Each structure stands twice: as C-alpha cells, then as structure tokens.
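Here is the structure we will look at, set down as structure tokens.
Chain identifiers are assigned alphabetically (A, B, ...) following the order of the sequence lines, protein sequences preceding nucleic acid strands; residue numbering begins at 1 within each chain. All of these numbers come straight from a predicted model, not from anything done at the bench.
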Amino acid sequence: MSDAPANTLYPLPEDWPSTEAEATAVQNELRGQVVLDEPGPPPGAPLVVAGVDVAYDDERDLVAAAAVLLDARTLQVLEEATAVGRVSFPYVPGLLAFREVPTVLEALGRLTAEPDLVVCDGYGIAHPRRFGLASHLGVLTGLPTIGVAKNPFVFRHEPPGPRRGDAAPLLDGMDEVGRALRTQAGVKPVFVSVGHRVTLDRACEHTLLLAPRYRLPETTRAADGLCRAALRRAAG
DNA sequence: GCGACAG
DNA sequence: ATCTTGTCGC
C-alpha cells in the first residue's frame with residue numbers, strides 16, 4: 001500500500017533543483033524547448049482535456065495534486081487521479097513550477113489515458129523568463145498545455161470589454177504573451193497564456209469552451225475540488 | 001532602496 | 001495558496 005505505482009510515463013528529471021539559483025538556471029535552459037509553432041488540438045473537437053491543480057498544508061508539510069480528465073464536449077469527468085507528497089520548494093513568484101510539478105507529474109502518471117490538452121493553474125510563457133508552470137509541465141510531458149491564471153502576474157493589460165469572450169492583450173514589448181479573457185459577462189477576467197504546442201488563439205477558445213457557466217474552466221474547478229479533498233484525506 | 005509578486 | 005461566517009441571490 002505504501003508503494004505508489006512507478007511513474008514511468010512522466011518521470012521527474014533527476015537533476016530537479018533545490019535552490020532558487022538552480023531553479024532559474026533550469027528555466028533558462030529549458031525555455032528553448034517550448035514549442036510555439038503548433039496550432040494544438042482544435043477547439044470544439046471531441047477531445048480529452050486534463051485539469052491539474054495543487055493544494056497545500058505547509059503546517060504538515062503536505063502537498064496534494066489532482067489530475068482530472070474531462071470530455072471537452074460534455075464537460076463530464078472521465079477519470080480522476082491524485083498524488084500526495086512533501087512540500088519540496090517554497091513559493092517564490094516566478095518559480096511556482098518547482099513547488100507544484102513533482103506532485104502533478106505523479107498524479108498525471110496515474111491516469112490511464114493521455115489527455116489531448118492540459119489546462120494548468122498559472123502562467124505559461126507570460127512569465128519573467130518565458131517559462132511558467134504550464135510551459136514547464138508541457139516540456140516535461142510533451143503534452144500540449146495552456147495556463148489559465150486567476151490573477152495578473154508580471155504583465156499589465158487594459159480592461160477587456162464587458163462581454164463573454166472579450167479580451168485584452170498581455171504585452172511584453174511587441175510580443176503578445178497572453179490575454180486577459182472575460183469568460184463571463186461582468187466578471188473579472190482570467191489570464192490565459194500558451195504553455196506548449198498550442199497557439200494563444202486556440203488557448204483562449206479552449207478556455208471559453210471549458211468555462212460555459214463559471215469564471216474558471218471546468219477542468220480547473222474539478223481539479224481544485226479533488227486536490228482539496230485529497231489533502232484533507234491525507235492530513236486528517 | 002522600495003514595492004510588486006502565478007499558487 | 002491559506003486563514004474564515006454569514007449573507008445575498010438565482
């Protein structure tokens with residue numbers, strides 16, 4: 001019972017860093033592996049989309065991750081997986097991946113099917129070194145990924161229009177690295193960016209299709225509920 | 001030096 | 001992220 005199934009599908013790199021200096025060096029090294037010239041899975045197609053999220057109990061040094069598979073067309077949950085581990089990295093803005101990725105990879109590896117797209121909490125290339133959580137998870141798994149964040153990070157933006165689907169660019173100089181996207185009329189936008197192997201246009205289309213009723217994508221909502229439950233179960 | 005800062 | 005009750009509204 002104490003032996004978890006080996007994660008041969010999405011192994012954690014052996015040179016996983018433990019200091020901030022090592023972590024930023026890893027980001028600068030891996031950022032070149034992000035693929036930005038693939039369109040990614042077509043929005044509206046009968047895809048299997050994964051949502052991943054993590055919950056923490058710093059007091060007990062516990063972290064719980066969840067990976068959930070949804071039918072992109074019906075938004076019904078197809079499969080759920082969780083993993084519990086120790087908090088291995090402090091929260092440092094810009095280094096979130098080193099806190100979340102190890103346990104997320106474990107949860108993803110426990111799924112019996114591979115998703116066509118992974119939706120992450122946080123940013124992809126809209127990041128100080130263009131290598132946020134979603135891009136990191138994409139490069140390590142090879143899967144198409146996008147980031148849907150709840151709050152602004154390093155890039156400012158104009159307020160998007162009031163209607164569902166309205167968006168405003170997150171600009172890094174001349175580059176549009178993400179979008180503030182209104183998923184519900186009159187509700188605070190979410191912040192979408194490309195992770196790996198998906199265009200920004202499609203990332204936003206997927207986000208809208210996954211959020212027909214609430215501000216956040218159903219993938220994120222499902223994963224959030226599951227990792228919180230897993231954490232409570234692990235903590236007591 | 002000071003503030004800002006995904007989860 | 002997390003600490004946290006009730007309350008307004010569909």
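- The residue A/A126 sits apart from the nucleic acid: no heavy atom pair falls under 4.0 Å.
- Listed here is the closest heavy atom pair of A/T145 and A/G138: CG2-CA, 3.5 Å.
- For DNA chain C, the outermost nucleotides in 5' to 3' order that have an atom under 4.0 Å from a heavy atom of chain A are C/dA1 to C/dT2.
- Within the 4.5 Å cutoff, the side chain of A/L133 has heavy atoms near those of the A/V101 side chain.
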Practice task
For the pair A/D201 and A/R179, evaluate salt bridge (charged side-chain N to carboxylate O under 4.0 Å, His left out) and give the outcome as yes or no after the intermediate values.
Solution key: CA-CA 9 Å; A/D201 280 345; A/R179 264 174 220 158; 2.8 Å; yes
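- Under the 4.5 Å side-chain contact rule for hydrophobic residues, A/L70 and A/L209 do not share a cluster.
- Put simply, A/L210 and A/Y214 are part of two different groups of oily side chains (I, L, V, M, F, W, Y) that touch within less than 4.5 Å, one to the next.
- A salt bridge does not link A/E205 with A/R202: every distance from a Lys NZ or Arg NE/NH1/NH2 to an Asp or Glu carboxylate oxygen is 4.0 Å or more.
- When heavy atoms are screened at a 4.0 angstrom cut-off, A/Y56 is found touching the sugar-phosphate backbone but no base atom.
- Counting only N and O atoms by type, the side chains of A/E100 and A/Y91 include no donor and acceptor under 3.5 Å apart.
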Anything under 3.5 Å between a donor and an acceptor, one on a side chain of residues 77-90 of chain A, the other on a protein residue two or more places apart or in another chain? List them.
from	atom 1	to	atom 2	distance (Å)
A/E79	OE1	A/T112	N	3.4
A/E79	OE1	A/T112	OG1	3.0
A/E79	OE2	A/T112	N	2.8
A/E79	OE2	A/T112	OG1	3.1
A/R86	NH1	A/R60	O	3.3

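- In secondary-structure terms, DNA chain C builds no stem of at least 3 consecutive Watson-Crick or G-U pairs having both distances under 3.5 Å.
- Scanning DNA chain B 5' to 3' for nucleotides with an atom closer than 4.0 angstrom to a non-hydrogen atom of chain A gives a first and last hit of B/dC5 to B/dG7.
- For the pair A/R99 and A/D58, the salt-bridge criterion is met [side-chain N within less than 4.0 Å of a carboxylate O].
- Using a 4.0 Å heavy-atom criterion, one finds that A/G94 contacts the bases of the nucleic acid, with or without backbone contacts as well.
- By the criterion of side-chain heavy atoms lying less than 4.5 angstrom apart, applied directly or through intervening Ile, Leu, Val, Met, Phe, Trp or Tyr residues, A/L75 is not grouped with A/L226; the two fall into different hydrophobic clusters.
- Heavy atoms of A/R156 sit nowhere under 4.0 angstrom from any nucleic acid atom.
- A/L96 and A/I125 fall within the same hydrophobic cluster, defined by Ile, Leu, Val, Met, Phe, Trp and Tyr side-chain heavy atoms under 4.5 Å apart, directly or through other members.
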Problem - Dot-bracket encoding of pairs in DNA chain B, which uses [ ] for pseudoknotted crossings and | for another strand, Watson-Crick or G-U under 3.5 angstrom - result: .......
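- Residues A/F98 and A/Q27 have side chains in contact (heavy-atom distance under 4.5 Å, counting atoms from C-beta outward).
- Judged as a side chain to side chain donor-acceptor pair (under 3.5 Å), and not counting sequence neighbours, the contacts of A/D175 are A/R130.
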